[in-house]
Amino acid sequence: MELDKAYDPKSAEEHHYKRWEESGFFAPEINTDPEAKPYSIVIPPPNVTGSLHMGHALQHTIMDSLIRWKRMLGYRTLWLPGTDHAGISVQRKVVEQLKKDEHKKPTDIGREEFIKRAWAWKEQYGNTITEQMRREGASVDWSRHRFTMDESLSLAVRNVFCTLYDEGWIYRGLRIVNWCPKDRTVLSDLEVKEETKKDGKLTYLKYPVMDSDQTITVATTRPETMLGDTAVAVNGSDKRYKDLVGKTILLPLTNREIPIIADEYVDAEFGTGAVKITPAHDPNDYLVGERHGLEQLLVMNLDGTMNAAAGAEFDGMDRFAAREKVVAMFDELGLLEKVDDYEITLPVCERCKTVVEPILSEQWFVKMDEMRDMALDLMKTEGSPHFSPRVPHEKVYTNWLENLKDWTISRQLWWGHQIPAWYDAEGNVFVARTEEEAVAKSGGKDLTQDNDVLDTWFSSGLWAFSTFGWNGDVTETDDLNAFLPTDVLVTGRDIMFLWVSRMMMLTKKFVDKTAFNDCVITGTVLGKDGKPMSKSRNNGVDPIEMFDKFGVDATRIYLASIATGADIRWNDVGVETYRNFANKIWNATRFCLMNAEGAAVDHKSLESLLQQAKEPPEGGTPSASLADRWIVSRLNRTALDVNAALGKYEFHSAVSLLYHFFWDDFCDWYIELVKDEITSWGVEEERSGGEQNLAAKVRILTVLEIALRMLHPFMPYLTEELWQKLPGTSNALHHAAYAGADATIMLASFPPGDERAIDARAEAEMSAVIELIKKVRNIRAEMNISTAIRFTVHVAADAAFQDVFRANEAQILKLAKAAELVIGDELDVPRASAKAVTNDARLAVPLEGLIDFDGERTRLANQIAKLTEEKTRLDGQLLNANFVDRAPAEKVTELRDRSTELESQIATLNNNLEALD
RNA sequence: GCCGUCUUAGCUCAGUGGUAGAGCACUCGCUUCACACGCGAUAGGUCACAAGUUCAAAUCUUGUAGACGGCACCA
């Protein structure tokens with residue numbers, strides 16, 4: 001079989017996913033081992049308005065790598081996919097569509113029709129991400145796909161709401177909330193971000209004190225709110241205003257009389273030391289108002305315009321226009337003291353960047369005190385969730401919880417879970433799961449349901465258990481028993497509070513379990529400019545474009561290679577590295593297949609090698625070749641290390657281990673070392689015959705096959721494509737739990753690695769051979785000797801290494817491009833020779849007529865300088881009595897040995913240098 | 001204001017007490033029959049700065065400077 005010369009990702013990506021999905025490989029049911037341990041991950045549900053961005057790609061890569069790894073290890077794995085209904089975002093999309101297509105407002109078509117449109121929108125556009133996930137190769141169980149507004153999940157929401165209400169954890173109250181005038185809904189604190197405005201103004205207004213000619217000056221950034229002022233406050237200990245406390249102000253433009261009060265809240269040092277108090281439009285003022293029994297005068301509508309209470313002149317006027325008008329009128333009245341430029345940070349709506357208006361409004365809240373204690377308790381007693389990396393996330397999470405305020409859960413939207421609360425004509429509230437129940441509770445009255453819906457995060461908060469079938473009516477399911485707690489949650493910092501914390505709390509509350517054991521918080525993938533990717537910065541990189549350009553596998557393994565937990569800049573060159581890696585894997589396989597005639601993957605072929613590593617022949621020479629013993633040792637070491645790294649969520653080191661094993665050990669050395677043995681162009685007469693040749697072919701195919709399995713979690717398409725082409729791969733290689741399934745690498749067992757297969761002797765011997773070859777190559781390169789010239793290499797070493805070099809003579813000659821190897825106790829070479837030392841040998845290359853004496857002098861001098869520098873440093877340490885006394889004896893011996901070794905190497909090189917003269 | 005992170009080769013980043021690493025870029029040499037998305041060989045770093053702890057610090061502690069994140073406040 002012959003492969004194309006280069007890997008074309010597209011062709012592999014086209015067909016495997018469909019087969020995997022249709023064969024049911026992604027579902028936990030594929031695992032037929034009744035004893036199999038479960039391993040589960042629920043996806044952070046992307047919202048239906050979204051499309052795949054680099055953050056998703058990173059997180060999905062991590063989740064899929066973990067799931068594929070565990071699946072191959074025989075766990076009953078479930079990665080559960082789904083989407084959330086994204087209340088505000090979908091609502092906005094539908095509103096825009098309505099306006100554009102029909103020039104209508106939501107109120108023109110009514111709630112019922114609007115919701116129909118929203119569902120239609122979701123059906124049409126809401127599957128973008130799920131389709132993109134197929135391209136990513138995500139091995140999610142689509143049969144368990146959930147949507148936060150599915151019937152069962154919606155029932156769960158209603159049941160949870162009712163229970164929390166009945167137990168007093170949910171209440172309805174009049175509070176200052178964050179209002180987005182554009183979206184016309186209240187927002188939770190977490191959905192409000194801050195934006196610094198450099199062109200802000202601080203306006204100083206003079207308020208006349210009644211029965212006096214005095215005025216009191218207040219400063220404000222929102223002059224229009226003065227229309228709702230119901231007091232002016234000063235600090236009671238502020239001497240400037242002492243006499244004014246208790247007096248009355250005639251509030252300009254309104255002619256209302258408002259008191260001057262004393263309150264601790266006022267900082268005498270700040271501004272004028274006098275503060276206008278607007279209890280209905282400012283959270284601090286609200287508190288002051290409560291303390292002093294002030295009227296809460298609402299002067300604004302929920303669309304950001306002023307209302308009648310602001311006065312006839314302002315009624316209906318936009319808040320910003322009203323601001324200008326208020327200032328102008330104060331100016332006319334001579335009551336405008338001044339307007340200063342002022343840099344101000346304003347709260348804005350996270351989604352639409354509209355300036356958020358703090359406003360007094362009646363909303364539903366979740367009381368957070370007990371929830372918080374529950375989550376803190378989980379952290380303190382069980383260290384749950386176990387964050388990775390622990391620093392700094394555990395502390396940030398804990399700090400946030402400690403300062404938690406109540407959660408505003410009502411939203412003035414139509415799309416979402418309508419609040420299961422009904423009102424009678426008198427405004428009495430009846431909370432129930434259905435209208436019938438509510439009516440029954442009311443004693444048969446006519447009721448109307450609350451107009452608002454719940455925050456999308458309220459339903460997302462139930463995700464860990466509602467997705468497994470819990471809905472309050474049904475509280476036990478097989479999936480729930482099998483898969484909760486989920487093993488790990490993989491997500492970004494941005495939703496740690498919005499989602500992670502709430503899911504912990506609600507899962508504990510309703511199923512008395514932790515939602516997930518571990519929580520991997522990924523870093524942010526930054527744009528090339530080092531800033532978070534965003535549309536406004538136009539520094540975003542589209543994962544799909546990367547898939548097209550470099551292939552899915554290259555993009556995935558690159559993402560895994562940067563998944564350290566730290567933020568990282570996107571770098572096309574990095575993906576290119578792994579595109580090249582994919583091509584390298586392709587070509588290594590291509591080479592093996594070109595020479596695989598008559599051979600097939602056979603794991604028994606490595607058994608004798610394992611045996612020799614486990615029980616080295618007593619003093620004797622192992623029968624298997626060094627290269628074979630070495631690659632098996634390296635293979636197992638890599639497998640052990642990769643498993644360990646994945647277990648610690650150190651994806652970048654797993655990738656690095658695999659990269660270097662495959663490229664350096666397998667391609668650069670192993671393939672080259674055994675090339676002659678397996679190819680038809682090898683040195684025929686040196687071989688013991690066809691049988692030996694076949695065994696070597698089987699071995700290399702087998703090593704390759706194991707390597708592909710280790711790479712599969714990161715590079716699913718490429719590895720499946722190649723695995724299918726390797727002779728001898730079949731479902732016999734599957735993990736026992738999947739014995740019956742059609743052959744696929746994704747169900748093959750993941751190499752666990754065997755510590756006893758680590759062959760220290762083979763590794764030491766191989767490194768002697770590699771070092772020797774590298775030194776010869778170095779001489780050739782530095783002496784500028786053409787590869788066409790095959791010279792003789794003289795090697796001196798102790799008896800054991802002489803044997804090693806003799807046993808590997810053919811390989812050394814080939815890789816060093818030498819004609820002859822002369823091995824002995826001492827070097828016996830003419831003066832015109834280039835020389836070098838390794839840790840285990842001395843070597844020389846006679847270069848009669850080729851040597852550049854000056855060049856050789858420089859080369860030797862450089863080597864001597866390098867070694868001397870190291871020796872000087874070591875000897876300095878060894879002369880230090882403190883070091884020798886206090887450092888571990890092992891360390892001291894190690895340094896001493898190294899120093900002795902260096903001494904001998906330097907001496908040799910010096911002799912070589914002198915010999916040139 | 002409070003909490004926290006980062007600063008390592010030209011670039012992007014690993015490494016977290018015991019001789020500084022990778023990929024890419026750079027330099028030199030290769031149309032070597034798996035791969036030029038390649039092969040071989042070099043070069044390149046007082047690990048931001050300062051002090052301390054230690055036999056030993058890129059790594060631990062404190063401070064300084066710069067970059068950044070979260071929370072709170074902002075009349």
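Labels below follow one simple rule: chain letters A, B, ... track the order of the sequence lines, proteins then strands, and each chain is numbered from 1.
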N/O (side chain, [X]) to phosphate O (OP1/OP2, [N]) under 4.0 Å:
| X | N | answer |
| --- | --- | --- |
| K814(A) | rG40(B) | no |
| H660(A) | rG23(B) | no |
| K395(A) | rC3(B) | no |
| Y659(A) | rA14(B) | no |
| N399(A) | rG4(B) | no |
| N882(A) | rU54(B) | no |
| R579(A) | rC37(B) | no |
| W669(A) | rG40(B) | no |
| K531(A) | rA67(B) | no |

Report yes or no: is there a donor-acceptor pair, N or O only, under 3.5 Å between the side chain of [X] and the base of [N]?
| X | N | result |
| --- | --- | --- |
| K584(A) | rC35(B) | yes |
| E194(A) | rC71(B) | no |
| K675(A) | rA34(B) | yes |
| E672(A) | rA34(B) | yes |

Using the [atom1] atom as the point on both nucleotides, what is the distance between [M] and [N], in whole Å?
| N | M | atom1 | value |
| --- | --- | --- | --- |
| rG44(B) | rC35(B) | P | 34 Å |
| rU53(B) | rC68(B) | P | 35 Å |
| rA48(B) | rA58(B) | P | 10 Å |
| rG15(B) | rG1(B) | P | 32 Å |
| rG63(B) | rC26(B) | P | 44 Å |
| rG4(B) | rG38(B) | P | 45 Å |

Using a 4.0 Å heavy-atom cut-off across all strands, classify [X] as base, sugar-phosphate, or nothing.
| X | answer |
| --- | --- |
| Q877(A) | base |
| K891(A) | base |
| T787(A) | nothing |
| K871(A) | nothing |
| T221(A) | sugar-phosphate |
| V391(A) | sugar-phosphate |
| V573(A) | sugar-phosphate |
| Y342(A) | sugar-phosphate |

Is the closest side-chain donor-acceptor distance between [X] and [Y] under 3.5 Å?
| X | Y | result |
| --- | --- | --- |
| T217(A) | E337(A) | yes |
| T787(A) | R780(A) | no |
| H292(A) | D263(A) | yes |
| Y207(A) | D229(A) | yes |

Could you please name the partner base of [N], counting Watson-Crick and G-U wobble pairs only when both distances are under 3.5 Å?
| N | value |
| --- | --- |
| rC33(B) | none |
| rU42(B) | none |
| rA65(B) | rU7(B) |
| rG18(B) | rC55(B) |

Review point. Of S653(A) and C592(A), whose closest RNA chain B nucleotide lies nearer the 5' terminus?
Key: S653(A)

Exercise for review: Select from T203(A) and K193(A) the residue whose nearest nucleotide in RNA chain B is closer to the 5' end of that strand.
Suggested key: K193(A)

**Study point:** salt bridge (Lys or Arg N to Asp or Glu O under 4.0 Å) partners of residues 548-564 of chain A, not counting sequence neighbours, each pair once
**Key:** D64(A)-R556(A), R135(A)-D548(A), K549(A)-D572(A)

Review point. How would you list all residue pairs meeting side chain to side chain donor-acceptor pair (under 3.5 Å) that involve residues 855-870 of chain A, not counting sequence neighbours?
Key: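 Residue pairs with at least one partner in residues 855-870 of chain A: N778(A)-R859(A), D854(A)-R857(A), E856(A)-R859(A), R857(A)-D917(A), E870(A)-R898(A).
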
Nearest-angstrom distance from the residue atom [atom1] of [X] to [atom2] of [N]:
| X | N | atom1 | atom2 | value |
| --- | --- | --- | --- | --- |
| R873(A) | rU19(B) | CZ | P | 8 Å |
| N587(A) | rA34(B) | CG | C1' | 5 Å |
| W663(A) | rA36(B) | CH2 | C1' | 11 Å |
| R777(A) | rU32(B) | CZ | P | 15 Å |
| K5(A) | rC37(B) | NZ | C1' | 11 Å |
| I495(A) | rG69(B) | CD1 | C1' | 17 Å |
| L190(A) | rA72(B) | CG | C1' | 13 Å |
| I785(A) | rU42(B) | CD1 | C1' | 16 Å |

Check your understanding: What residue among R372(A), M368(A), M379(A) forms side chain to side chain contact (heavy atoms under 4.5 Å, CB included) with L401(A)?
Key -> R372(A)

Check your understanding: Nearest to the side chain of D668(A), which nucleotide is it out of rU42(B), rA75(B), rG40(B)?
Key -> rG40(B)

Review point. Any idea which of rG70(B), rC74(B), rC24(B) is nearest the V396(A) side chain?
Key: rG70(B)

Review point. Looking at W570(A), F550(A), F714(A), F581(A), which hits ring-ring contact (aromatic ring centres under 6.0 Å, His included) with Y558(A)?
Key: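 Among W570(A), F550(A), F714(A), F581(A), the one meeting ring-ring contact (aromatic ring centres under 6.0 Å, His included) with Y558(A) is W570(A).
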
Point to revise | B/S/- contact track for nucleotides 7-13 of chain B, protein heavy atom under 4.0 Å | key: -----SS

Exercise for review: Could you label the plane-to-plane angle of the W400(A) and F497(A) rings as parallel, tilted or perpendicular, counting under 30° as parallel and over 60° as perpendicular?
Suggested key: parallel

Check your understanding: Does D875(A) come within less than 4.0 Å of R873(A), counting only side-chain N to carboxylate O?
Key ->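 Salt bridge: no.
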
Check your understanding: Does E771(A) come within less than 4.0 Å of K774(A), counting only side-chain N to carboxylate O?
Key -> no

